[in-house]
Amino acid sequence: MTTFRKGALALAAATGMAWLVGAPPAWADDESEAKAACKQIAEGRDWDDSKAKVSKEGENQIVVTMTGEREGEDRERRCVYNTNSKEASFGS
């Protein structure tokens with residue numbers, strides 16, 4: 001193999017690796033949708049200053065731990081977002 005060919009292959013491999021490393025996680029869009037859906041539920045329940053902490057659970061679920069305030073009391077609820085149905089629900 002010529003030096004030019006080896007260099008070209010190395011450059012192509014490095015470029016491909018940089019592209020893969022720079023790509024956002026596959027579930028980033030789902031994470032954003034999960035946060036928005038869970039915040040909407042919290043707002044519908046008159047929560048103020050709600051915050052979301054996201055984690056992945058299983059293959060098709062994103063768990064959003066919601067914290068906020070309602071009627072002067074601190075609240076925390078587990079919200080589960082299904083990536084297949086695009087639906088979220090609060091747990092107890």
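By the 4.0 Å N-to-carboxylate-O rule, R45 lies too far from E71 to be salt-bridged with it. With respect to D30 and K56, no salt bridge is recorded, no charged nitrogen being found less than 4.0 Å from a carboxylate O. R75 has no carboxylate O lying under 4.0 Å from a charged side-chain N of E69, or vice versa, which leaves the two without a salt bridge.
Distance CD/E57 to CZ/R78: 4.5 Å, rounded to 0.5 Å. To the nearest 0.5 Å, atom CD of residue Q40 and atom SG of residue C79 are 10.5 Å apart.
If you check the side chains of Y81 and Q61, you find no donor sitting under 3.5 Å from an acceptor.
The hydrophobic cluster containing V80 does not contain M66, counting ILVMFWY residues as joined when their side-chain heavy atoms lie under 4.5 angstrom apart, directly or transitively. Placement of W47 and V63 in two distinct hydrophobic clusters is found when ILVMFWY residues are connected by side-chain heavy-atom separations under 4.5 Å, directly or transitively.
Within a 6.0 Å sphere centred on NZ of K53, heavy atoms belonging to other residues, nucleotides or ligands number 12 at most.
Across all non-hydrogen atoms, the minimal contact from T67 to E76 is CG2-OE1, 3.6 Å. Of all heavy-atom pairs between I62 and A34, the closest is CG2-CB, 3.9 Å.
Side chain of K39 to backbone of S50: a donor-acceptor contact under 3.5 angstrom is found. When atom types are taken as modelled, the side chain of T83 and the backbone of N60 share a donor-acceptor pair closer than 3.5 angstrom.
With sequence neighbours excluded, no residue forms a salt bridge (Lys or Arg N to Asp or Glu O under 4.0 Å) with K51.
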